[in-house]
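One structure is given here, and the rest of the page talks about it.
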Amino acid sequence: MINIPKDFEEYTRILMGEDLYRTLIKGLKQEDSPTTIRINPFKRCAVNMDLVSNNVPWCKDGYYLKERPTFTFDPLFHAGSYYVQEASSMFIDHIIRQYIHYPVTALDLCAAPGGKSTCAQSAFPIGSTLIANEPITKRAQILSENILKFGHSQIAVTNNFPKDFKKTKLLFDIIIADVPCSGEGMFRKDPKAISSWSKENVKKCCQLQRSIIKDIWDNLKPGGFLIYSTCTFNSLENEENVAWIIKELGAKLLPIHTEKEWNITGSLIGNPLNGADSTAQQFPVYRFLPGKTLGEGLFICLLQKTQPEPNTLPSNNISLLQKDYFRKALKPLKLLAYGVNEPEEKGKHKIPHISQALMKDADNSLYPTIDVSYHTAIAYLRGEAITLSHDIPHGIILLTYKNQPLGYAKNIGNRANNLYPQEWRIRSTYVPKEPNIIL
Ligand SMILES: C[S@@+](CC[C@H](N)C(=O)[O-])C[C@H]1O[C@@H](n2cnc3c(N)ncnc32)[C@H](O)[C@@H]1O
């Protein structure tokens, strides 16, 4: 049972009104939050419909599951065939499909662990390029792992703070800023979100969010889009920050089409730029409240940069330019991953990088491919040496499960040495008797 902070209760009751506040608290106190997955459209898989209770209505590849399987023991989860992401966050798919109709150069500024990046790249038109960035190094490693598994070669992973992008001189068509926040929307999922909540922290987050947007603003093309989101409910980090962006940086809000039955909540303070009499319709922002909408807490909106006037500055659509040009532009940044890495020389041998196995357009005919059983796949993902049948050639082999690449092993005859990255391995020694059939 969660213990709602008193100050939060007092403030949110006034912000939302009694009825909405009660609905929210009831939602936050529900033990189980819905489990949702998003299929990776680049890996050609289909969900097992027996597990599905419903589609996520605002995301083409999103599904609500009837119960929560143990994803860790599904090799296809490690192959990046699907991503476990709570439903509200998938709304970014709907925004992109409504407004983006040509290939874009995009930046996901606060991207770890990679849910919105992978969702966005699935929705962007073909030919789009994305930089998924995360300043906190440990989190950037996790982002890098998830992006590699997602397997789209037009996503670069960087580990930088927003102001570092100035040196690249890149202009983005779209910037996603899913900013760090006070995390009120995480109260149900993460007890730490409750213990670290305070009024002071809300104010601190609000200031940090403004500085993040200010630091990246020059890298947004005039006329370009900013998707601003938080997973918190208060208006300081949400409506008031959006009003600040509009007024101080020069932007306008764009409406997003929604259906009534999605139960999305609009602005809770009308239009903060027009005073108390204004209506929520005049300030199109979208709040997902547990208990009302089927998902976790989220605030999201779409802004368009209006200052300076669009088309007064040269633009650069990287997706139309050479990959080499893009690499050069990324030079001032700490690049963690981008496409397929070169093999590593080890003595007389070349060991292929895991990215070679996972990228959707990599040449997988370079090494013999062996499709392994469920138990062999799990043993491999746990980092164990595996035994293969005698007719399998010696040397590097690509292991697949249900035809989805997992990674490489080196077959030396009596066993195959495991080349799966150490830090990605399944730590648990438990192995279920029956595989989960999620796809
Ligand atoms: C809400 S989380 C992002 C979740 C992610 N977009 C997803 O959907 O998987 C916010 C991220 O911002 C990162 N962050 C923290 N300080 C930051 C800063 N100064 N600038 C940019 N990002 C920051 C956090 O480490 C965290 O990973």
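Atoms within a ligand are numbered from 1 in the order they appear, just like the ligands themselves.
Here atom 19 (N) of ligand 1 lies nearest to I212 when heavy atoms of I136, I212, T232 are compared. Nearest-residue assignment for atom 6 (N) of ligand 1 (options D178, L208, T118; heavy-atom criterion): D178. Of the options A111, A112, G185, the smallest heavy-atom separation from atom 4 (C) of ligand 1 is shown by A112.
The environment of K360 atom NZ is dense: over 12 non-hydrogen atoms of other residues, nucleotides or ligands sit within 6.0 angstrom. The number of heavy-atom neighbours closer than 6.0 Å to NZ of K204, taken from other residues, nucleotides and ligands shown, is 12 or below.
Atoms of ligand 1 found under 4.0 Å from any heavy atom of P135, numbered from 1 in the order shown, are 14 (N), 17 (C), 18 (C), 20 (N), 21 (C), 22 (N), 23 (C). Within ligand 1, the atoms closer than 4.0 Å to a non-hydrogen atom of F161 are 19 (N), numbered from 1 in the order shown.
Considering backbone and side-chain N/O atoms, C110 comes within less than 3.5 Å of an N/O atom of ligand 1. Where the criterion is an N or O separation shorter than 3.5 Å, residue side chain and backbone included, G115 meets it with respect to ligand 1. When only interatomic distances are considered, the shortest N/O to N/O separation between K116 and ligand 1 falls below 3.5 Å. For R139, a nitrogen or oxygen atom sits less than 3.5 Å from a nitrogen or oxygen atom of ligand 1, counting backbone and side chain alike. Ligand 1 has a nitrogen or oxygen under 3.5 angstrom from a nitrogen or oxygen of G114. Annotation: E134 places an N or O atom under 3.5 Å from an N or O atom of ligand 1; distance criterion only.
Using a 4.0 Å cutoff on heavy atoms, C231 does not count as a contact of ligand 1.
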What pairs of donor and acceptor atoms, side-chain ones from residues 250-266 against any protein atom, are under 3.5 angstrom apart with sequence neighbours left out?
{"unit_1": "H257", "atom_1": "NE2", "unit_2": "E259", "atom_2": "OE2", "d": "3.0"}
{"unit_1": "T265", "atom_1": "OG1", "unit_2": "K292", "atom_2": "NZ", "d": "2.9"}

Indicate every side-chain donor-acceptor pair of residues 36-46 with a distance under 3.5 Å to a residue at least two apart or in another chain.
{"unit_1": "T36", "atom_1": "OG1", "unit_2": "Q85", "atom_2": "O", "d": "2.6"}
{"unit_1": "T36", "atom_1": "OG1", "unit_2": "A87", "atom_2": "N", "d": "3.1"}
{"unit_1": "R38", "atom_1": "NE", "unit_2": "Q85", "atom_2": "OE1", "d": "2.7"}
{"unit_1": "R38", "atom_1": "NH2", "unit_2": "Q85", "atom_2": "OE1", "d": "3.1"}
{"unit_1": "R38", "atom_1": "NH2", "unit_2": "G115", "atom_2": "O", "d": "3.1"}
{"unit_1": "R38", "atom_1": "NH2", "unit_2": "T118", "atom_2": "OG1", "d": "2.8"}
{"unit_1": "N40", "atom_1": "OD1", "unit_2": "F42", "atom_2": "N", "d": "2.9"}
{"unit_1": "N40", "atom_1": "ND2", "unit_2": "G80", "atom_2": "O", "d": "2.9"}
{"unit_1": "N40", "atom_1": "ND2", "unit_2": "F150", "atom_2": "O", "d": "2.9"}
{"unit_1": "K43", "atom_1": "NZ", "unit_2": "A79", "atom_2": "O", "d": "2.7"}
{"unit_1": "K43", "atom_1": "NZ", "unit_2": "K149", "atom_2": "O", "d": "2.8"}
{"unit_1": "K43", "atom_1": "NZ", "unit_2": "L358", "atom_2": "O", "d": "3.4"}

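Shortest non-hydrogen contact noted between F233 and G297 is CE2-CA, 3.7 Å.
With respect to atom 14 (N) of ligand 1, the closest heavy atom belonging to the protein is P180 CG, 3.7 Å.
Taking the six-membered ring where the residue is Trp, the centroids of Y401 and Y380 are separated by 6.0 Å or more.
The side-chain hydrogen bond (donor to acceptor under 3.5 Å, both in side chains) test with E237 singles out one residue from Q209, K203, Q207, and that residue is Q209.
Atom CG of D19 sits about 6.5 Å away from atom OG1 of T23, to the nearest 0.5 Å.
Here K199 does not pair with E10 in a salt bridge; the nearest charged N to carboxylate O distance is not below 4.0 Å.
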